[in-house]
Amino acid sequence: MGTVLSYFCHLCGHGNKEEKERCLRANDRTFNLSFRYANNAIKTSKYNIFTFLPLNLFEQFKRLANAYFLFLLILQLIPQISSLSWITTGFALIVVLSITAVKDAIDDINRHKCDRQVNNRKVDVLMDGQLKNEKWMNVQVGDIVKLGNNEFVTADLLLLSSSEPFNLVYVDTAELDGETNLKVKQALTVTGELGDNIEALAAFNGEVRCEPPNNRLDKFKGTLTVNGERYALDNDKVLLRGCTLRNTEWCFGLVIFGGPDTKLMQNSGKSMFKRTSIDHLMNILVLCIFGFLASMCSILTIGNAIWETNEGSVFTMFLPREPGIDAPLASFLIFWSYVIVLNTVIPSSLYVSVELIRLGNSFFINWDRKMYYLKKDTPAQARTTTLNEELGQIKYIFSDKTGTLTQNIMTFNKCSINGKAYGDLYDFSGQRVEITERTERVDFSWNNLADPKFNFHDHSLVEMVRGGNPETQEFFRLLSLCHTVMPEEKKEGELSYQAQSPDEGALVNAARNFGFVFRSRTPETITVVEMGKQVIYELLAILDFNNMRKRMSVIVRSPEGKLTLYCKGADTVIFERLHPSCNKLMEVTTDHLNEYAGDGLRTLVLAYKDLNENYMIDWKQRHHEASVAMEGREEKLDELYEEIEKDMMLLGATAVEDKLQDGVPQTIEQLTKADIKIWVLTGDKQETAENIGYSCNMLREEMKDVFVVSANTAEGVKEELQNARRKMCPEAAEEPSVIKSRVGLFWLKKTETVQDEKVDGDYGLIINGHSLAFALEKNLRLELLRTACMCQTVICCRVTPLQKAQVVQLVKKYKQAVTLAIGDGANDVSMIKAAHIGVGISGQEGMQAVLSSDFSFAQFRYLQRLLLVHGRWSYIRMYKFLGYFFYKNFTFTLVQFWYAFFCGFSAKTVYDEWFITFYNMVYTALPVLGMCLFDQDVNDRWSLQHPELYAPGQKNQYFNKKAFVRYLIHGCYCSLIIFFIPWASMNDAVRNDGKDIVSHPSFAFLLQTCLLAVVHTQLCVDTYYWTAVNHFFVLLSTIGYFAISVTMYSNGMFYVFPSSFPLIGAARNTLNQPIVWLTIFLTFLLCILPVVAFRFIFIQLRPTINDKVRYKMRTEELPAPAPRLPLRRRSTRSGYAFSHSQGYGDLVTSRKFLIKRSTKRAPLFTQTDSSIFQNQPQHYRTIAEEPEEPQSP
Amino acid sequence: MGKVKGKPGPLARRPDNSAFKQQRLPAWSPMLTANTVLPFFYFMALICLLLGVWLLLTVQNTQEMKLDYTEAETCNKCFEMRKNVSNANETCICTVNFRIDKPFEGDVFFYYGLRNFHQNLRRYMDSRDDGQTVGRKKNLKDPSSYCEPFLKDPSGRPIAPCGAVANSIFNDSFTLRYHYSNGIGEVPLLREGLTWYTDKYIKFRNPTTDNLTLAQVFEGTAPPPYWQKPVYKLDPSNPMNNGFINDDFIVWMREAAFPNFKKLYGILFRNDNPFTKGLPAGNYSIDISYNFPVQYFRGRKEVVLTTVTWFGGQNHFLPIAYLVTSSLILLTAVVLTVVWWKFGKDGKNMKE
């Protein structure tokens, strides 16, 4: 993005001077243009038609391998050096370059399309006194735009005016920070007065001075000058690009930052080019091979020098030296000639084949039906095609909570009323029955106002309510009264709720279904339809919720004049404030609560208290005084609340389920078995996060301890971390053991690795955002990492997007482990980009996460298939490919090295030039691709059955430097056999008709055939999974080799190009000789049998996990999946969690919310036509119901 | 990525349920188990043993005689003479005697052999023009630059055949004589049919003659500098064996892969007694026209007489290699069996 800006700066001669302050004037394009601010167009593409070829070629040649081949090509064009025609390299290079170029072009075209789509969105812009429909890209800084309901915010805007009272605007910031609840923004009164008066707006000439573009989402500083008056601007008055306007008919805004300058784009960060660790390793290996190549060439050069002095000099009679080239120079040239001959040790097709295999595996991910989500019609998508094998090496997973682990749907599941638990179903023998989709639902048709999407299965509760049980009725009455939910009734009976927290929504909605329908409210009253009868309660006070109080209460007066305080809150808090007479009930309820907590449900305890009229008048008076007090207001209010909320009568408890995505606990269990550590990073509150930790089985009751780090000072955090560590591992050293090493190209990269430490027993760690900020400081972060890594489970709550990324980077840096981040919202983008692999959950909170992710799918549970099946396969395929590829080329090339000792080190190739050209690109290309696209050691079901199969990939056991040396030695051995067996057998041989057979062409042909026989058989030994395609490819290549050879050595080809095909007849005159076949057979046996023997012995003595599972697969049937019994656990911890925040009580009573709304308002979500919304399951916000009969009041 | 076909319906983006896309292609997944590996090893050991024995028996029936004549007997004087380049054009004929104790039965092939002569040097091998030797007139007059420095003679005439390979042709000639009880007689050798069919009739051709004599066709070209006679006079006895299709020339032009090599010189003509069954035992001598200098590069020259079998000439390597391989495989097979018996038989290792 910055490039555009700097480009502009460059143009206008500002140089690289950074923008210090932004100054702009509304409706004054000429003034604003003088600053050359970026307009609202964004550009993420890299090339255009004209720059594509040069830029792309330049990028490609920046790759070491491509540059090297270009260099070789140039060498081959020098006749004195050229030991091979340039075609051998040129052919491969052209193929490789064009394949990559095509891929890059397609990628860039897609980016262009994406950009164009965004840039061409339409918005109403105020121009020349009237509204014009313009494309987004044409919007300039200083323009005034009009936004409608549910529209995306075009750019970063200063809110001027809106349709809502008090110039309020509701926005959904999901795409920006992932929070789904609506946020309120409010315009300045001075601009709000403009309203939708176009003329006034067109005449508006306010001048804004503000901070330069930055990426801080929660800060904005600036001033607005209107008619000489200065007004301060803060974040509350700014609408950011990426937000969506909700519940607001229209609003006007002044563009402050456009396109690349918007906070959204500034936040999106540079998209780093991700590379896999195998990529890095490959680079190092290629460098090693360079060294190897150089040393081979040096040896041969020395050999040549010696040979030239001893033999060559006396052979000059038959082969005079070239004029002007003396012996030392000749030897020097020989060095380069051998570089050309032996260059095949680094095959040019290596990179392109790697890319092809990754591409193929990406397609398999896209095609996988088991990662396709039917309900949303979303298949899995591999958005980056270059990271597949890394999926098989994941060590740490960082997961978002909301929308990723959970569906962000709360359901009222169970409750305990007056000591009786409801919500579970039991069969005749008293066994609990698992509730599935097929379980019969309770029929709520008797209630006209019921929400049809509400599910409940326990009939007894309805019977109790309808039977008039007073406690039960009081229970639901409390739920319908004690909350801050706003009702919305567009049509008579079509009721929908706006809840600040989803828990409340679920509770109020439950009450509604059980016949206590919260219908409407004013600042002073609450209207409830109780079992069909409308009752209006007078609302006397809301004792608001906050994190310290952990409870909220309302005080209402019923029509009969009864004063009651209704309270709901955390069990720990409420139990302390109960009337002693409730002790017995409290015990029973505690029992139920423990059960709920064990199930991972969020619990709230409900209580009420009848109040005395006189006391209330007094209290009310004091309350008023306290709320207007100038100092210590909070404390005074708290005291008052404390005073009235005591001696309450217990009613019962509610259990709300924060619905997990399907299969989350099982997935987590599987991934844990695969030795993958899962950290949850969430913006949620500690209780909620903890709760989810329990419900998805990451935190368990059996854990020895769950540490909570929530200190507010650096010292405190340090102490808590150290205490935790000492408790887990008392004998560990105080200082973390950091292993420093150097890796990378030329060993330039320094790495520091914190060792894993052994801990017995499972521990959990919960750390909140404040503490995390301290812990991530330089001096504490190793302590944090150490402690965190000792724990089985780590949960970070209340973290910012930046912190998410920092945590990922910390682990990446000091653990040298492969990390994966999974999330669904824009707040996860930074983390997704920071991790080695970013996974986006598609179709939840917008597309930001998906757009910056490398892989995307619709459900968290697909992660296990992505990693344990596709990732593992990809890794196995990649290591097999690399191993085989290096082996194949070492064998191929080293034969030439041995031949050098027989041809006077003259850089004569032992093969035909055409063979060298075709070896990698034609003869051996297909079988190896076939193997590496289709191979699977065990099938997907066994992979999932045995998550431990994943471990070798994490440790990178199969392809590392040691393995590489093994391939090198293997290649060396095979090349020795392939050269010396034919040499020994043919040295003195003649055909069976006495004619020549040791001529160079026939020997070359013999070696080629031996080589291919050995290499293909080696492939066959490596292949675990023989599909028809593999058979076909191997056969095709073998037959193809003979067919091509016979053709190239045929009469016709020779007549046309005598000097290009001089090996005429080599195939015919060689293949009919038994001695040739005997030699091939012997070579083949000696190359292959040792491999088979070694493998067999290793399988017998030290079978790898793969061998074991393969053995098991052969001998046993796949065990049927064990039926999952519902786990019944009991927990002694509090199940309290309530994602409510402070301040809404005031809002409800302050009238701001409560202006009568026009009836023509559009519903919250208008896009009900999109499949996403159609398929949205029960949701507290999209409540629509059948029109009901008008009720008589 | 992820281009999805526009299928209609609510599940438009659902991937196909094909075995290929779901990676469920039916497949054979072999595993190295004792049931397959052990029999395979024993079987291979047996095969190699049988082959080795068979080859050994076959090789036992072949005869080969090698005779290094570089400095042998009277050739010593020629060897000394050739040390001096100024004597290059003088002829030198010498004789070496040898004895055959066991008769050579069947076809007998006569080879000349060179040691330490690098026909496989890159620049040497490239120094030829296949376009010229296949009879292209254009290349005849204007050979490929690869032939440097044997491209043109000092007077500027193109050399035919050009290049270092042709120039260095082996030019000793041999006459094999059998010592009858009553005197010495020449052993008849076939001097044709020494080359691959493809060489004689496809790779090498004379320029089209159009009623011209060969000499006229080659007019305007020079013989290679080391040659004593021009290419169209290589074989005075048979006019059809001249020019580029001369057998000796073709045999020489098939460059050897290694510095020690032998090339076919003649085949025993078995029409007359006593050679109908091959070479009888007895005393022989070879008259050698000693031309080719080897002393410069410390080379050796030899003649080889050999009979062949179905798999070629006398070759002791293959039978021995097969026998050794057979025993190695057998040894490995036994080791594998022991390992399997002790560790892998009950699959205990597999089950952990």
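So you know, we letter chains A, B, ... as the sequences are listed, proteins then strands, and number each from 1. FYI, side chains are in, hydrogens and waters are out, and symmetry mates aren't considered; it's all heavy atoms of this structure.
Classified by interplanar angle (parallel below 30°, tilted 30° to 60°, perpendicular above 60°), the ring pair A/Phe318/B/Phe292 is parallel. Classification of the A/Trp307-B/His118 ring pair by plane angle, with boundaries at 30° and 60°, yields perpendicular.
In this structure, A/Phe1003 CZ and B/Phe258 CZ are separated by 3.5 Å, a value rounded to the nearest 0.5 Å.
Only the side chain of B/Glu64 comes within contact range of chain A, with at least one heavy atom under 4.5 Å from a heavy atom of that chain. Residue contact with chain A, scored on non-hydrogen atoms closer than 4.5 Å, involves the backbone and the side chain of B/Leu121 alike. Proximity to chain B (any heavy atom under 4.5 Å) is shown, for A/Ile981, by both the backbone and the side chain. Both the backbone and the side chain of A/Leu1082 come within contact range of chain B, judged by heavy atoms closer than 4.5 Å. The parts of A/Asp996 that come within reach of chain B are both its backbone and its side chain, each placing non-hydrogen atoms under 4.5 angstrom from that chain. Only the side chain of B/Met125 comes within less than 4.5 Å of a heavy atom of chain A; its backbone N, CA, C and O stay farther away. Using a 4.5 Å cut-off between heavy atoms, A/Tyr373 does not touch chain B at all. Only the backbone of B/Thr195 comes within less than 4.5 Å of a heavy atom of chain A; no side-chain atom from C-beta onward does.
Taking the charged nitrogens against the carboxylate oxygens, B/Lys66 and A/Asp988 do have a contact shorter than 4.0 Å, which makes a salt bridge.
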